[in-house]
Amino acid sequence: MRILWRIFLRHRWWWLVLPVVVCLALTFVDMRFAFVALIVAMGMVMIAMPLVYYYALTQESRWSILEKTITITAGGLQLSFTDDKMREHVIGWNEMDSTTALNECLIIRLKKNRYTFLAIPLSAFTTQQQLRDFVIKVKHEIKPLRE
């Protein structure tokens with residue numbers, strides 16, 4: 001969820017702060033706007049909570065947190081999970097949008113409606129060359145699809 005919030009808030013943080021700042025600015029007109037600012041801030045939390053559950057409870061959200069093996073195939077990335085309840089899944093090259101390094105994760109952005117990325121910890125790669133080869137292969141496969 002931390003990665004999801006970072007991706008979301010990087011471009012849209014001001015939407016969350018703007019109503020509270022406006023209400024605080026109006027406090028100079030009438031002190032009661034301070035209470036309105038508090039109510040708006042709590043309302044933002046109440047709006048954010050369903051988003052957390054919306055993203056956190058999807059089948060696809062487990063792709064990043066469950067232990068798995070990722071294999072590059074001709075059709076995309078094959079996810080093989082150690083958990084018996086999860087089936088193998090192939091994320092096709094046409095379902096991927098881009099790759100980004102964020103903190104200690106490699107983020108593969110997906111074109112899915114509900115879950116927008118697959119996080120792969122950098123510690124999953126034994127060498128820098130292995131990481132570099134993986135990124136080059138994924139970027140090479142994604143690039144022709146966007147042209």
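Values below: all heavy atoms of this structure, side chains included; hydrogens, waters and symmetry mates excluded.
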Legend entry - Leu26 with Met42, same ILVMFWY side-chain cluster at under 4.5 Å: no
Legend entry - Co-membership, hydrophobic cluster, residues Leu18 and Leu24, 4.5 Å side-chain: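 Yes, it is one cluster - the side chains of Leu18 and Leu24 are joined through contacts under 4.5 Å.
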Inset, instruction - Flag the pair Ile91 / Ile108 as yes when at least one side-chain heavy-atom distance between them is below 4.5 Å, and no otherwise. - result: no
Legend entry - Validation row: Leu122, Leu106 side chains within 4.5 angstrom (heavy atoms): yes
Which pair of heavy atoms, one from [X] and one from [Y], lies closest together, and at what distance?
{"X": "Val138", "Y": "Met96", "value": "CG1-SD, 4.3 Å"}
{"X": "Thr27", "Y": "Ala34", "value": "OG1-N, 3.6 Å"}
{"X": "Gln78", "Y": "Thr73", "value": "OE1-CG2, 3.6 Å"}
{"X": "Ala119", "Y": "Ile107", "value": "CB-CD1, 3.9 Å"}
{"X": "Val40", "Y": "Cys23", "value": "CG2-SG, 4.1 Å"}
{"X": "Val90", "Y": "Glu95", "value": "O-OE2, 4.1 Å"}

Rounded to the nearest 0.5 Å, what separates atom [atom1] in [X] from atom [atom2] in [Y]?
{"X": "Leu110", "Y": "Asn94", "atom1": "CG", "atom2": "CG", "result": "11.0 Å"}
{"X": "Trp93", "Y": "His140", "atom1": "CH2", "atom2": "NE2", "result": "9.5 Å"}
{"X": "Thr99", "Y": "Ile142", "atom1": "OG1", "atom2": "CD1", "result": "6.0 Å"}
{"X": "Thr100", "Y": "Arg109", "atom1": "OG1", "atom2": "CZ", "result": "5.0 Å"}

Legend entry - Contacts of Ser80 that satisfy side chain to side chain donor-acceptor pair (under 3.5 Å) - sequence neighbours left out: Glu88
Legend entry - With sequence neighbours excluded, residues passing side chain to side chain donor-acceptor pair (under 3.5 Å) with Gln130: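 Listed in chain order: Thr126.
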Inset, instruction - Please identify each residue that fulfils ring-ring contact (aromatic ring centres under 6.0 Å, His included) with Phe33, with sequence neighbours left out. - result: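 For Phe33, no residue satisfies ring-ring contact (aromatic ring centres under 6.0 Å, His included) once neighbours in sequence are set aside.
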Inset, instruction - Can you sort out the partners of Phe125 under ring-ring contact (aromatic ring centres under 6.0 Å, His included), two or more places apart, ordered by chain and number? - result: Phe134
Inset, instruction - Count the heavy atoms belonging to other residues, nucleotides or ligands that lie under 6.0 Å from CD of Gln129, then report whether that count exceeds 12. - result: yes
Inset, instruction - Only pairs at least two apart or in different chains count here, so list each salt bridge (charged side-chain N to carboxylate O under 4.0 Å, His left out) that has a residue in residues 21-49. - result: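 Of all non-adjacent pairs touching residues 21-49, those that pass salt bridge (charged side-chain N to carboxylate O under 4.0 Å, His left out) are Asp30-Arg32.
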Legend entry - side-chain contact (heavy atoms from CB on, under 4.5 Å) assessment of Ile72 paired with Leu77: CA-CA 5 Å; Ile72 296 178; Leu77 298 179; 3.7 Å; yes
Legend entry - Partners meeting side-chain contact (heavy atoms from CB on, under 4.5 Å) with Phe81 (sequence neighbours left out):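 If we apply the side-chain contact (heavy atoms from CB on, under 4.5 Å) test to Phe81, skipping adjacent residues, the hits are Trp63, Leu66, Lys68, Leu79, Met86.
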Inset, instruction - Please identify each residue that fulfils side-chain contact (heavy atoms from CB on, under 4.5 Å) with Val17, with sequence neighbours left out. - result: Trp13, Val21
Inset, instruction - Go through the structure and list residues passing salt bridge (Lys or Arg N to Asp or Glu O under 4.0 Å) with Arg132, not counting sequence neighbours. - result: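 Not a single residue meets the salt bridge (Lys or Arg N to Asp or Glu O under 4.0 Å) criterion with Arg132.
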